[in-house]
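To keep things clear, I will list the structure first and then write my remarks on it.
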Protein chains: 2
Amino acid sequence: MSPESALDHVPVSVTPLEQFEQYLRRRGRRNTVQRRVVLDCVFRAHDHFDVDRLIEKLPRRGQPKYVSRPTIYRTLAEFVDAGLLRKFELGGRAVYELNYGYPDHDHLYCQGCQSLIEFQSDALVALRDAVAAQHRFRVTGHRLMITGLCAECQSGARRRPRRQPRS
Amino acid sequence: MSPESALDHVPVSVTPLEQFEQYLRRRGRRNTVQRRVVLDCVFRAHDHFDVDRLIEKLPRRGQPKYVSRPTIYRTLAEFVDAGLLRKFELGGRAVYELNYGYPDHDHLYCQGCQSLIEFQSDALVALRDAVAAQHRFRVTGHRLMITGLCAECQSGARRRPRRQPRS
DNA sequence: TTGCGTGCAAAAGGTTTGCATAAAT
DNA sequence: ATTTATGCAAACCTTTTGCACGCAA
């Protein structure tokens, strides 16, 4: 181990909250109660979630730390912009996932139980870059979704049916 | 060539129309003017398209072969079901593409001019199947979208700006 | 005190549905 | 004669926006 690696390896020297506060300060924007409440909830336990699932976990209207739906949308967009979350679409809804220290990854989507299984593949990134190079295309990102049935749903009927996607 | 390959290799022995008519007959459903009009328009020249772009090419309300928007949505869903089209989402909108004799393919999406560039990669399919196998996942399909800037948009400003996606 | 941020209500945008009528079988 | 399909209008669902008020700096 080289001397500087001691610094590199400090595990979580910058928390999401700190990173977001820096983001706000850099832009002269304000550190409000609502932003803190949403951030706290998002980074408490979620992996990926949609807006409705997030709202279920937040205080309801009338309660102490209520955050309105428009503000939630606005705040999540800021988190994406600040690099804390990534956003994608699934069945006509926006889905967010943590982007905090994670390496990029992609998903297997089970059509039986609607669960998302993450995987990471360097080979995929290499393949992506090779394809892009062939087309003189400058890559900023990618999204791969493999659809099918997870191991659980292959044996036995579907379980944990969640919500019917629209499409 | 074996004798039966003569049959297999007849290039386009089943047109989209014929395939769709079979699909309808099999289900005891009706071969209507509207279904024929939409099918004809879809398979005339389009590669991928969204509903609004399709409607632009169809007769307007009041004209001879007008097809209403709900019927267009219903008909496109049938085409997908019949295996003639594939559907995916891009920026909150449904996008359809021909699935008629095509091999599966994926897309580069240019954020400058909103164009979709197709590519086909066996290596990707192999990689997909390998990943799935590792997770004991049964694949039914996949969708890879590589985002970035096409060659044209890298040199010079963006051109052909179409419509702002919502997300 | 100076705006940025919030909640509310309403709009927007894309897609779906209920229903009476029209058309295919 | 039946029964499916269509067009219209309206509903739906998710997300965004206008605006007056409230709160952070």
Side-chain angles (χ1 to χ4, degrees), chain A residues 20-39 49-56 58-82 85 87-96 162-167, chain B residues 20-39 49-56 58-82 85 87-96 162-167:
Chain A
F20 188 55
E21 284 175 341
Q22 284 170 24
Y23 167 86
L24 292 176
R25 244 176 275 121
R26 238 181 290 127
R27 320 207 156 200
R29 313 182 70 181
R30 295 172 182 175
N31 188 344
T32 65
V33 179
Q34 289 88 340
R35 282 172 176 150
R36 272 175 272 127
V37 168
V38 175
L39 189 143
F49 60 91
D50 62 24
V51 171
D52 283 337
R53 208 122 66 206
L54 176 61
I55 287 179
E56 285 170 11
L58 285 168
R60 331 209 152 276
R61 180 158 45 203
Q63 300 219 334
K65 296 182 158 188
Y66 170 71
V67 182
S68 71
R69 190 173 271 271
T71 293
I72 289 172
Y73 277 104
R74 289 185 278 233
T75 304
L76 290 175
E78 290 167 346
F79 291 172
V80 171
D81 195 44
L85 292 180
K87 175 186 180 181
F88 58 99
E89 307 211 351
L90 196 54
R93 268 187 291 278
V95 177
Y96 298 85
R162 290 201 183 150
R163 150 184 2 217
Q164 260 352 316
R166 240 194 337 179
S167 46
Chain B
F20 188 55
E21 284 175 340
Q22 284 170 24
Y23 168 86
L24 292 175
R25 243 175 277 120
R26 238 180 291 125
R27 319 207 156 200
R29 312 181 71 182
R30 294 170 183 178
N31 188 342
T32 65
V33 179
Q34 290 87 341
R35 282 173 176 149
R36 270 176 273 128
V37 168
V38 175
L39 189 144
F49 59 91
D50 62 25
V51 171
D52 284 336
R53 207 121 67 208
L54 176 61
I55 287 179
E56 285 169 12
L58 286 168
R60 334 209 150 276
R61 180 159 44 204
Q63 301 220 333
K65 293 181 159 190
Y66 170 71
V67 181
S68 70
R69 188 173 273 270
T71 293
I72 289 172
Y73 278 103
R74 289 184 279 233
T75 303
L76 290 175
E78 290 168 345
F79 291 171
V80 171
D81 195 44
L85 292 182
K87 174 185 181 180
F88 57 100
E89 307 212 351
L90 196 54
R93 268 187 291 279
V95 177
Y96 300 85
R162 292 209 180 140
R163 147 183 7 213
Q164 263 348 321
R166 242 196 335 183
S167 46

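Naming: A, B, ... by sequence-line order, numbering from 1 per chain.
Distance, A:D50 CG to D:dC13 P: 14 Å, rounded to whole Å. Distance A:L76 CG to D:dT14 P: 15 Å, rounded to the nearest Å. If you take CG of A:L54 and C1' of D:dT14, they are 15 Å apart, rounded to a whole angstrom. Atom CG in A:L90 sits about 14 Å away from atom C1' in D:dT14, given to the nearest Å. Residue B:D52 contributes atom CG, which lies 16 Å from atom P of C:dA12 at whole-angstrom precision. Between the CZ atom of B:R53 and the C1' atom of C:dT15 there is a distance of 18 Å, rounded to whole Å. Rounded to an integer number of Å, the gap from CZ of B:R27 to P of C:dT25 is 17 Å. Counting to the nearest Å, the P atom of C:dA23 and the CZ atom of B:R36 are 13 Å from each other.
The backbone N or O of B:N31 sits less than 3.5 Å from a side-chain atom of B:R36, completing a donor-acceptor pair. For the pair A:T75 (side chain) and A:T71 (backbone), a donor-acceptor distance under 3.5 Å is present. Under the 3.5 Å distance criterion, the side-chain polar atoms of A:E89 are left unmatched by any main-chain donor or acceptor of A:A94. Using a distance-only test at 3.5 Å, with no hydrogens or angles considered, no donor-acceptor pair links the side chain of B:R30 to the main chain of B:L24.
Ring geometry, A:F79 versus A:F20: the interplanar angle exceeds 60°, so the pair is classed perpendicular (tilted spans 30 to 60°).
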I'd like a list of close polar pairs between nucleotides 5-11 of chain D and the protein, N/O only, cut-off under 3.5 Å.
unit_1 : atom_1 : unit_2 : atom_2 : d
D:dA5  : OP1    : B:R30  : N      : 3.1
D:dA5  : OP1    : B:R35  : NH1    : 2.9
D:dA5  : OP1    : B:R35  : NH2    : 3.2
D:dT6  : OP1    : B:T32  : OG1    : 2.9
D:dT6  : O3'    : B:Q34  : NE2    : 2.7
D:dG7  : OP1    : B:Q34  : NE2    : 3.3
D:dG7  : OP1    : B:Y66  : O      : 3.2
D:dG7  : OP2    : B:S68  : N      : 3.0
D:dG7  : OP2    : B:S68  : OG     : 2.9
D:dG7  : OP2    : B:T71  : OG1    : 3.0
D:dG7  : N7     : B:R74  : NH2    : 2.9
D:dC8  : OP2    : B:Y66  : OH     : 3.4

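With respect to B:D81 and B:K87, no salt bridge is recorded, no charged nitrogen being found less than 4.0 Å from a carboxylate O.
The phosphate of D:dT16 has neither OP1 nor OP2 within less than 4.0 Å of any side-chain N or O from A:Y73.
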